[in-house]
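Numbered from 1 within each chain, the chains take letters A, B, ... in sequence-line order.
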Amino acid sequence: MELSYYPGCTLTGSAQELNESFTNAASALGITLKELPDWTCCGASSAHMVDAYLESALPARDLLLAEELARDVVAPCAACHLRLKAAAHRIGEDEALRRDFPFKGEIKVLSGLELFHRDELRAALKSKVVKPLEGLRVVPYYGCLAVRPPEILQPADPENPMEMDRLLEALGAEVLDWPYKTDCCGGSLALTRTDLVLKLSRKLLDMALMVDADVMVTFCPMCQANLDTRQEDISRETGHAYQIPIVYLTELMGVALGNPQARSWFGKHLVSPERILASKGLI
Amino acid sequence: MEQSNMRASSGKVTAPAGELASVINGCYQCGKCSAGCPVASEMDLLPHQMVRLGVLGDVERIVSSQSIWLCLTCHTCGARCPNGIDVPALLDHIRHQVVAGKIETQQPQVPAFHTTFMQNVRRFGRVHELSLVGMYKMKTKTWFADMKLGLEMFRKGKMHIMPKFPFGNNAVKEIFKKSSLK
Ligand code: SF4
Ligand code: SF4
């Protein structure tokens, strides 16, 4: 399978471990990714806050580039994926925008989760596991942008998504039931109201600890950054040591598929999952 | 007698009209949006109150609230509203005018961050995280917040010193010319 690849700014910047683990997992499953030439920023979580035209036009430019190549495009970053999908939706409704960006909707915009969750890929993944994640207790954390707004993303169940659960089961992990799969971590106020974000993130971390999870698993680089980098502040504020690794689903795919590069990705985390994975004999 | 739904905003910010107005007019004040909002406890106007003010056309009260910038755009409200009302869609309509009109608000660091972010995109075509953080700190004079975290991220190779310049840079600049952030 050949797909256009929209890495987005975060994956080429602070979330390199998502970029590397995602492209590795895709190639292990026989997917050829071709980076969209000359892609530009989708506007992320800021464009919609400041200007209606920027909100749609920035991702629309990328949609047009992708459609010229006549290949579906995958955007692993949850924010990029949403912005591209929302722009495609808006182009369908807004004639003036359609004149500027005549995107016809002949290609699909896929999220990373949606891609790997396809029946044939999930089956292929399961058959390629060499190191089942046995005994690893995980909580799947989807965050906001994997399921909302539902009219744009059309999730099977916006309150209780199961795609990541099923993929983690295919990897052999022990998937725990927990109530905060889609609760917001506060990421959009990360630098501007850090105090609030610490509260929201702490709520999630506390619940993960309560169900005795070894790691929290996500696909969203904003959630990962937010939850990983703020544990030191939360520890200082509360006097309890918070040390729960926040790992990408694709990193665990790398571990289960026996990819020797996995260790190098963990070096990018502030709370490294290396110790817990090693103690379970997984790396 | 003046009809409440005909009241126009007194200041520079216009009340919702068209499609947005007809959607929010369906609100029957059940409060489900506020019940599930993760930042409700910090807000001075709750989500259902903002929707009501939007219906009444009293957007000035939203402009001068804390809530307009505390909303995380998590869309929990919109996903649960029995009438399909997404509070951030209403707020974006107001936020755009606040930014375009450079209207003074509470929580000014929030719009400052987002406009800095967009200036970074206009300049480089893609976000360059290090200069974004630097510019934001310069604007808000918060030099020392998160300094340790920043250094740690730098050490881990999460921050790149040099921005990349995609060729699409000029196309992005053209897009900005049609926006309020020219
Ligand atoms: S959930 Fe919808 S109908 Fe209920 S108060 Fe909120 S906006 Fe109004
Ligand atoms: S989108 Fe804003 S108003 Fe709605 S639930 Fe989230 S934070 Fe609250």
Side-chain angles (χ1 to χ4, degrees), chain A residues 8-10 12-16 37-41 43-55 57-58 60-62 65 93 100 143-145 147-151 158-159 182-189 191-194 196-197 199-200 203 225 229-230 232-233 267-270, chain B residues 38-39 42 69-70 72-76 78-80 84 86 88 92-93 95-96 99-100 107 109-118 120-121 124-130 133 136 140 142 145-146 148-149 152-153 156-160 164 166-169 171-172 175-176 178-181:
Chain A
C9 308
T10 310
T12 55
S14 56
Q16 289 159 59
D38 195 30
W39 61 267
T40 42
C41 175
S45 309
S46 286
H48 75 83
M49 295 288 256
V50 301
D51 189 86
Y53 188 70
L54 292 178
E55 169 184 356
L58 289 171
R61 173 180 183 272
D62 294 305
L65 291 177
E93 292 180 339
D100 286 358
C144 303
L145 305 181
V147 286
R148 292 187 295 266
E151 59 288 6
E159 297 285 350
T182 62
D183 280 44
C184 183
C185 71
S188 72
L189 293 174
L191 292 178
T192 49
R193 278 300 300 269
T194 310
L196 268 182
V197 173
K199 270 194 205 170
L200 294 174
K203 190 185 92 166
T229 61
R230 292 300 175 188
E232 198 182 318
D233 291 333
K268 301 274 178 199
H269 293 235
L270 272 83
Chain B
V39 281
E42 313 287 333
W69 297 115
L70 293 184
L72 300 154
T73 316
C74 72
H75 299 291
T76 307
R80 293 180 181 168
D86 191 37
D92 275 352
H93 164 84
R95 294 189 279 223
H96 296 164
V99 170
Q107 305 290 332
Q109 78 285 4
V110 181
F113 174 79
H114 294 297
T115 46
T116 307
F117 187 103
M118 295 317 293
N120 198 275
V121 173
F124 301 122
R126 296 179 188 170
V127 177
H128 178 239
E129 289 159 328
L130 192 62
V133 174
Y136 169 69
T140 54
T142 50
D146 291 328
K148 187 160 171 263
L149 176 61
E152 180 71 6
M153 289 181 69
K156 297 235 168 216
K158 282 181 164 288
M159 291 277 187
H160 300 280
K164 303 184 181 82
F167 304 114
N169 213 8
V172 167
I175 289 174
F176 271 83
K178 287 186 115 181
S179 77
S180 70
L181 269 76

S.K.: Give the ring-plane orientation class for B:H128 versus B:F124, where under 30° counts as parallel, over 60° as perpendicular and anything between as tilted.
M.R.: perpendicular
S.K.: Considering only heavy atoms and a distance below 4.5 Å, find which of B:T140, B:V110, B:I175, B:T115 pairs most often with chain A.
M.R.: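 Most heavy-atom pairs within the cutoff with chain A belong to B:I175.
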S.K.: Which of these, A:C184, A:P149, A:C185, sits in a side-chain contact (heavy atoms from CB on, under 4.5 Å) with B:C74?
M.R.: A:C184
S.K.: Quick check on the interface: out of A:A47, A:S46, A:G186, A:C41, who has the most heavy-atom pairs with chain B under 4.5 Å?
M.R.: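 If we count pairs closer than 4.5 Å to chain B, A:S46 comes out on top.
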S.K.: Heavy-atom cut-off 4.5 Å, strictly under: side chain, backbone, both or neither for B:Y136 against chain A?
M.R.: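 It is the side chain, since no backbone atom gets that close.
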S.K.: Checking heavy atoms, do the side chain of B:E129, its backbone, both or neither come under 4.5 Å from chain A?
M.R.: side chain
S.K.: Could you walk me through whether A:T12 and B:R126 pass side chain to side chain donor-acceptor pair (under 3.5 Å), step by step?
M.R.: CA-CA 10 Å; A:T12 55; B:R126 296 179 188 170; 5.5 Å; no
S.K.: Test side chain to side chain donor-acceptor pair (under 3.5 Å) on A:D51 and B:H96; report intermediate values, then the result.
M.R.: CA-CA 5 Å; A:D51 189 86; B:H96 296 164; over 6 Å; no
S.K.: Which one, B:P38, B:S180, B:A100, leads in non-hydrogen pairs under 4.5 Å with chain A?
M.R.: B:S180
S.K.: Contact part of A:K203 toward chain B, heavy-atom cut-off under 4.5 Å: side chain, backbone, both or neither?
M.R.: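 For A:K203, no heavy atom lies under 4.5 Å from chain B.
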S.K.: Can you measure from OG (A:S14) to CG (B:L130) and round to the nearest 0.5 angstrom?
M.R.: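 With rounding to 0.5 Å, OG (A:S14) is 11.0 Å from CG (B:L130).
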S.K.: What residue, out of A:R230, A:E55, A:K199, has the most heavy-atom pairs lying under 4.5 Å from chain B?
M.R.: A:R230
S.K.: Top residue by heavy-atom pair count (under 4.5 Å) with chain A, among B:F113, B:W69, B:F176?
M.R.: B:F176
S.K.: Sort A:L191 into side chain, backbone, both or neither according to what part of it lies under 4.5 angstrom from a heavy atom of chain B.
M.R.: both
S.K.: Using side-chain heavy atoms (C-beta onward) and a distance below 4.5 Å, is B:V121 in contact with A:L54?
M.R.: no
S.K.: Checking heavy atoms, do the side chain of A:T10, its backbone, both or neither come under 4.5 Å from chain B?
M.R.: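 Contact with chain B involves both backbone and side-chain atoms of A:T10.
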S.K.: Quick one: does any side-chain atom of B:N169 pair with a main-chain N or O of B:G125 as donor and acceptor, under 3.5 Å?
M.R.: yes
S.K.: Of the backbone (N, CA, C, O) and the side chain (C-beta and beyond), which part of A:D100 lies under 4.5 Å from a heavy atom of chain B, both, or neither?
M.R.: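 Side chain of A:D100 only, per the 4.5 Å heavy-atom cut-off to chain B.
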